[in-house]
Q: 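Dumping the structure here so I can ask a few things about it.
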Amino acid sequence: MTLTGVIAQKRQVVTTIPGPKSTEILKRRSAAASAGLGLTIPVVIERASDAILIDVDGNHIIDLGSGIGVTNVGNAAPKVVENVINAVQKMTHTCFTVAPYMGYIEVCEALAKLTPGTHHKKSILVNSGAEAVENAVKIARSYTKRPAVVVFEHAYHGRTNLTMALTAKNVPYKESFGPFANEIYRMPMPYPFRWIGNPSTITEDAIEMVISKIEKEIGSHKVAAILIEPIQGEGGFIVPPKGFLPKLNEYARGKGILFIADEVQSGFARTGNLFACEDENVVPDLIVTAKGIAGGLPLAAVTGRAEVMDSVHAGGLGGTYGGNPISCAAALGAIETIESENLVSKAKKIGEIMKTRLTQMQAKYPIIGDVRGRGAMMAIELVKPGSKEPNGEAMGKVVKYAQENGVLILTAGTYGNVIRFLPPLVISEELLNDALDVLEAGFAAL
Ligand SMILES: *Cc1c(COP(=O)(O)O)cnc(C)c1O
């Protein structure tokens with residue numbers, strides 16, 4: 001049974017947040033689960049469907065985070081649930097590199113068809129975004145026989161040792177966890193809101209800086225890959241200026257450097273395209289996907305040019321659980337839902353609604369310094385009025401207000417002052433507007 005249609009898609013706050021039952025269970029969480037784990041909203045969830053989370057006290061909370069951009073097709077989407085139930089009744093595990101099964105192959109076929117470019121593509125499936133990024137780097141080094149990897153300011157690529165090194169921000173991701181992998185080189189990121197140069201030449205100036213640094217400080221013949229998020233996620237939904245990604249891709253191609261798009265957060269219909277790269281017709285050599293791929297089950301992938309993906313010796317890639325049959329069945333259900341529910345155009349529509357309303361709020365509340373993003377991947381950056389000084393304090397208050405009124409929102413940003421919106425793409429306009437009303441009331445209450 002799925003809960004779609006059973007759980008009303010309505011916000012309903014029936015206790016203080018957290019309520020008494022959540023408060024009790026959170027004491028057990030503190031006693032049993034590591035203090036190193038963060039906590040966004042202090043409630044314990046019992047059930048969920050589409051864009052509503054129900055906690056143990058019966059509060060119906062609007063989900064504007066999708067479990068960090070995962071449940072793009074909605075929580076417990078019917079086709080995902082159905083596929084998972086059918087799959088788990090057939091088998092639980094064989095290990096694809098020991099004894100293959102159909103679901104893995106079907107997901108690879110779907111990825112070849114759906115990702116940018118019409119060239120022959122192949123994939124590997126793994127468990128998490130970080131594992132996929134690590135594998136993309138392994139494959140790029142194996143293919144090019146070069147050591148260096150170029151990454152950017154504000155980048156986030158994961159929490160494993162290599163991906164921590166690829167990630168920009170120290171606290172909380174890297175602090176006390178070193179030493180880190182070497183041969184990683186960080187480049188300036190054109191961050192339009194905080195660019196100190198001339199805004200009208202940001203693309204050209206940023207490209208010139210990046211190319212100069214690669215040529216002078218590394219040597220392009222030593223660079224295996226340029227790794228970039230087409231819209232940066234944890235860094236604060238930074239959208240590079242038009243032209244930057246195509247020019248970077250063109251430069252890479254000219255130097256035999258692989259262009260790797262980390263679409264873990266921006267992929268699977270999130271931005272109003274199936275993949276964010278498509279906005280400027282960028283065709284990456286390798287594309288890394290995870291989060292939205294399987295409607296909530298753990299799955300991630302590296303998809304790329306067949307000759308690149310095949311350059312690795314047999315047995316060089318793999319992992320016990322990678323592309324588990326249950327996760328593959330979920331992914332096929334999620335992909336089917338993205339198509340049948342027109343979630344690419346829904347994401348565009350969500351983006352239009354959010355952009356309009358957030359821009360109206362910005363005109364009223366000068367602490368909203370910037371409204372940015374694309375499709376259902378929008379953010380606001382909060383500042384001290386009349387300046388660009390980060391205002392993390394106001395962000396904290398607005399987030400808390402929203403939580404207490406039954407709206408879950410996530411934060412982000414190098415400076416800890418960005419509110420990001422990642423609603424499930426199936427959210428109704430009514431529910432979205434209700435959540436935005438709460439947000440606006442939060443600004444009014446400051
Ligand atoms: C979340 C994320 C990752 C890491 O994915 P995990 O599944 O958490 O390991 C990598 N890159 C980007 C852009 C992400 O948003």
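Side chains are part of it too, since the values below use all heavy atoms of this structure and drop only hydrogens, waters and symmetry mates. Just so you know, residue 1 is the first one in the sequence shown, and it goes up from there.
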Q: Spell out, as yes or no, whether a donor-acceptor pair under 3.5 Å connects the side chain of Arg186 to the backbone of Ala155.
A: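 Such a contact is absent between Arg186 side chain and Ala155 backbone.
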
Q: Do other residues, nucleotides or ligands put more than 12 heavy atoms under 6.0 Å from the NZ atom of Lys10?
A: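 Atom NZ in Lys10 is not crowded, with 12 or fewer foreign heavy atoms closer than 6.0 Å.
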
Q: Is there a side-chain contact between Glu389 and Val383 in this structure, where contact means two heavy atoms from C-beta onward sitting under 4.5 Å apart?
A: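 With C-beta onward as the side chain, the pair stays apart.
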
Q: When you look at Ile214 and Met187, which way does the side chain to side chain contact (heavy atoms under 4.5 Å, CB included) test go after all the steps?
A: CA-CA 8 Å; Ile214 292 176; Met187 296 295 142; 4.0 Å; yes

Q: Side chains of Tyr365 and Val398, heavy atoms from C-beta outward: is any pair under 4.5 Å?
A: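 They are not in contact (no side-chain heavy atoms under 4.5 Å apart), so the answer is no.
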
Q: Could you tell me the separation between the CG atom of Leu111 and the CD1 atom of Ile287, rounded to the nearest 0.5 Å?
A: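 That separation rounds to 9.0 Å.
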
Q: Can a donor-acceptor pair be found between the side chains of Tyr185 and Glu183 at a distance below 3.5 Å?
A: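 Indeed, the side chains of Tyr185 and Glu183 share at least one donor-acceptor pair under 3.5 Å.
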
Q: Okay, side chain of Asn391, backbone of Leu382: is any donor-acceptor separation there less than 3.5 Å?
A: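 Flag not set: sc Asn391 to bb Leu382 has no pair under 3.5 Å.
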
Q: Of all heavy-atom pairs between Ile260 and Ala225, which one has the smallest distance, and what is that distance?
A: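 Here Ile260 and Ala225 meet closest at CD1-CB, 3.5 Å.
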
Q: What class does the angle between the rings of Tyr104 and Phe96 fall in, given that below 30° is parallel, 30 to 60° is tilted and above 60° is perpendicular?
A: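 Tyr104 vs Phe96 ring planes: parallel.
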
Q: Just how far is it from atom CD1 of Ile350 to atom CG of Leu64, taken to the nearest 0.5 Å?
A: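 With rounding to 0.5 Å, CD1 (Ile350) is 9.5 Å from CG (Leu64).
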
Q: Determine, step by step, whether Met309 and Ile124 satisfy the side chain to side chain contact (heavy atoms under 4.5 Å, CB included) criterion, reporting the C-alpha distance in whole Å, the side-chain angles of both residues, the deciding distance to 0.1 Å, and the verdict.
A: CA-CA 8 Å; Met309 297 299 294; Ile124 62 161; 4.1 Å; yes

Q: Quick one: does any side-chain atom of Lys388 pair with a main-chain N or O of Phe193 as donor and acceptor, under 3.5 Å?
A: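 Such a contact is found between Lys388 side chain and Phe193 backbone.
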
Q: Salt bridge check, Glu215 against Lys255: does any charged N sit closer than 4.0 Å to a carboxylate O?
A: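 Answer for the salt bridge query: yes.
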
Q: Just checking, any donor-acceptor pair under 3.5 angstrom between side chains of Gln362 and Thr359?
A: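 Looking only at side-chain atoms, Thr359 and Gln362 do not form any donor-acceptor pair under 3.5 Å.
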
Q: May I ask you to check whether over 12 heavy atoms, not counting those of Lys349, lie within 6.0 Å of atom NZ?
A: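 No, the 6.0 Å shell around NZ holds no more than 12 heavy atoms from other groups.
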
Q: Please check if the side chain of Asn170 supplies one atom and the backbone of Glu175 the other of a donor-acceptor pair under 3.5 Å.
A: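 Present.
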
Q: Are the side chains of Val43 and Asn59 in contact, using a 4.5 Å heavy-atom criterion?
A: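 No, too far: nothing below the 4.5 Å cut-off.
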
Q: Ring pair (Phe, Tyr, Trp, His ring centres under 6.0 Å) with Phe237: which residues, sequence neighbours excluded?
A: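 Checked Phe237 against ring pair (Phe, Tyr, Trp, His ring centres under 6.0 Å); zero matches.
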
Q: Can you give me the closest heavy-atom contact between Pro116 and Cys277, atom names plus distance?
A: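 Looking at all heavy atoms of both residues, the closest pair is CG-CB, 4.3 Å.
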
Q: Salt-bridge test for Lys348 and Glu352: reply yes if a basic N is under 4.0 Å from a carboxylate O, no otherwise.
A: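 Salt bridge: no.
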
Q: Report the C-alpha distance between Glu109 and Lys113 in whole Å, list the side-chain angles of each, state the deciding distance to 0.1 Å, and finish with yes or no for salt bridge (charged side-chain N to carboxylate O under 4.0 Å, His left out).
A: CA-CA 6 Å; Glu109 288 170 350; Lys113 191 171 102 216; over 6 Å; no

Q: Do Ile367 and Phe443 come within less than 4.5 Å of each other through their side chains, counting heavy atoms only?
A: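 Sidechains of Phe443 and Ile367: in contact.
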
Q: Considering all heavy atoms of both residues, which atom of Ala252 and which atom of Ile226 are nearest to each other, and what is their separation?
A: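 It is CB-CD1, 4.0 Å.
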
Q: Just by distance, do the side chain of Ser311 and the backbone of Val308 share a donor-acceptor pair under 3.5 Å?
A: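 Between the backbone of Val308 and the side chain of Ser311 there is a qualifying donor-acceptor contact (under 3.5 Å).
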
Q: Under the 3.5 angstrom rule, does the side chain of Asn273 hit a backbone N or O of Ala276 as a donor-acceptor pair?
A: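 No; zero donor-acceptor contacts below 3.5 Å.
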
Q: Nearest 0.5 Å please: distance from the CG atom of Asn249 over to the CZ atom of Phe259.
A: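 Separation between the atoms: 5.0 Å.
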
Q: Provide the closest heavy-atom pair for Gly333 versus Val80 in the form atom of the first, atom of the second, distance.
A: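 Distance-wise, the nearest heavy atoms are C-CG2, 4.0 Å.
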
Q: Please report the interatomic distance NZ(Lys400) to CD1(Ile41), rounded to the nearest 0.5 Å.
A: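 So the gap between those two atoms works out to 11.0 Å.
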
Q: Report yes if the side chains of Thr40 and Leu408 come closer than 4.5 Å at any heavy-atom pair, otherwise no.
A: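 Counting from C-beta outward, Thr40 and Leu408 do come under 4.5 Å.
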
Q: Apply side chain to side chain contact (heavy atoms under 4.5 Å, CB included) to Phe152 and Ile238, showing your working.
A: CA-CA 12 Å; Phe152 289 84; Ile238 299 163; over 6 Å; no

Q: Go through the side-chain N and O atoms of Lys121 and Thr115 and say whether any donor and acceptor fall under 3.5 Å apart.
A: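 Yes, because at least one side-chain N or O of Lys121 sits under 3.5 Å from a partner of the opposite role on Thr115.
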
Q: Between Lys242 and Thr203, is there a side-chain heavy-atom distance shorter than 4.5 Å?
A: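 No; the side chains remain at least 4.5 Å from each other.
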
Q: Sorted by first residue and then second, give each side-chain hydrogen bond (donor to acceptor under 3.5 Å, both in side chains) pair with at least one member in residues 418-434; sequence neighbours left out.
A: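 Applying side-chain hydrogen bond (donor to acceptor under 3.5 Å, both in side chains) to every pair that reaches into residues 418-434, excluding sequence neighbours, yields Arg11-Asp434, Glu234-Arg420, Gln265-Arg420, Arg357-Asn433.
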
Q: Which atoms form the tightest heavy-atom contact between Asn161 and Glu134, and what is the distance?
A: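 Shortest heavy-atom separation between Asn161 and Glu134 comes out as N-OE2, 4.2 Å.
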
Q: Where the side chain of Lys145 meets the backbone of Ser142, is there a donor-acceptor pair that is under 3.5 Å apart?
A: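 Yes: the side chain of Lys145 pairs with the backbone of Ser142.
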
Q: Is the shortest side-chain N to carboxylate O distance from Glu393 to Lys397 below 4.0 Å?
A: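 Between Lys397 and Glu393 there is a salt bridge, with a charged N closer than 4.0 Å to a carboxylate O.
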
Q: Tell me whether Asp285 is salt-bridged to Arg253, with the criterion being a basic N under 4.0 Å from an acidic carboxylate O.
A: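 So Asp285 does not pair with Arg253 through a salt bridge.
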
Q: I'd like to check the ring pair (Phe, Tyr, Trp, His ring centres under 6.0 Å) partners of Tyr415; sequence neighbours left out, ordered by chain and number.
A: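 Tyr415: no ring pair (Phe, Tyr, Trp, His ring centres under 6.0 Å) contacts found.
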
Q: Just jot down the ring pair (Phe, Tyr, Trp, His ring centres under 6.0 Å) partners of Phe180, sequence neighbours excluded, or say none.
A: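 Phe180: no ring pair (Phe, Tyr, Trp, His ring centres under 6.0 Å) contacts found.
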
Q: Can you tell me if Gln9 uses its side chain to pair, donor with acceptor, with the backbone of Ser49 under 3.5 Å?
A: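 A pair under 3.5 Å: yes.
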
Q: Assess the residue pair Ile427 and Ile62 against the criterion (side chain to side chain contact (heavy atoms under 4.5 Å, CB included)); give the C-alpha distance rounded to whole Å, side-chain angles, the decisive distance to 0.1 Å, and a yes or no.
A: CA-CA 9 Å; Ile427 193 169; Ile62 303 177; 4.1 Å; yes

Q: Not counting sequence neighbours, which residues clear ring pair (Phe, Tyr, Trp, His ring centres under 6.0 Å) with Phe275? List them please.
A: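 Applying ring pair (Phe, Tyr, Trp, His ring centres under 6.0 Å) to Phe275 gives Phe268.
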
Q: Is a donor on one side and an acceptor on the other found under 3.5 Å between the side chain of Arg146 and the backbone of Ser220?
A: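 Yes.
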
Q: Report yes if the side chains of Arg270 and Pro423 come closer than 4.5 Å at any heavy-atom pair, otherwise no.
A: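 They are in side-chain contact.
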
Q: Output all residues satisfying side chain to side chain contact (heavy atoms under 4.5 Å, CB included) with Asn83, sequence neighbours left out; order by chain, then residue number.
A: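 Applying side chain to side chain contact (heavy atoms under 4.5 Å, CB included) to Asn83 gives Lys79, Ala329, Leu332.
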
Q: Got a donor-acceptor contact below 3.5 angstrom from the Ser327 side chain to the Leu297 backbone?
A: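 Absent.
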
Q: Do other residues, nucleotides or ligands put more than 12 heavy atoms under 6.0 Å from the NZ atom of Lys169?
A: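 For Lys169, atom NZ is crowded (more than 12 foreign heavy atoms under 6.0 Å).
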
Q: For a quick test of reading the model, state the closest non-hydrogen atom pair linking Ala301 to Ala132 and the distance between them.
A: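 Nearest pair, atom of Ala301 first, then Ala132: O-CB, 3.8 Å.
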
Q: Looking at CD1 of Ile196 and CZ of Arg194, how far apart are the two atoms once the value is rounded to the nearest 0.5 Å?
A: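 Spacing of CD1 (Ile196) from CZ (Arg194) equals 12.0 Å.
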
Q: Just so I know, are the side chains of Pro230 and Glu263 near enough to count as touching, which here means a heavy-atom distance under 4.5 Å?
A: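 In contact.
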
Q: Quick one: pull up CD1 in Ile231 and CG in Asp279 and give me the separation to the nearest 0.5 Å.
A: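 Ile231 CD1 to Asp279 CG: 7.5 Å, rounded to 0.5 Å.
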
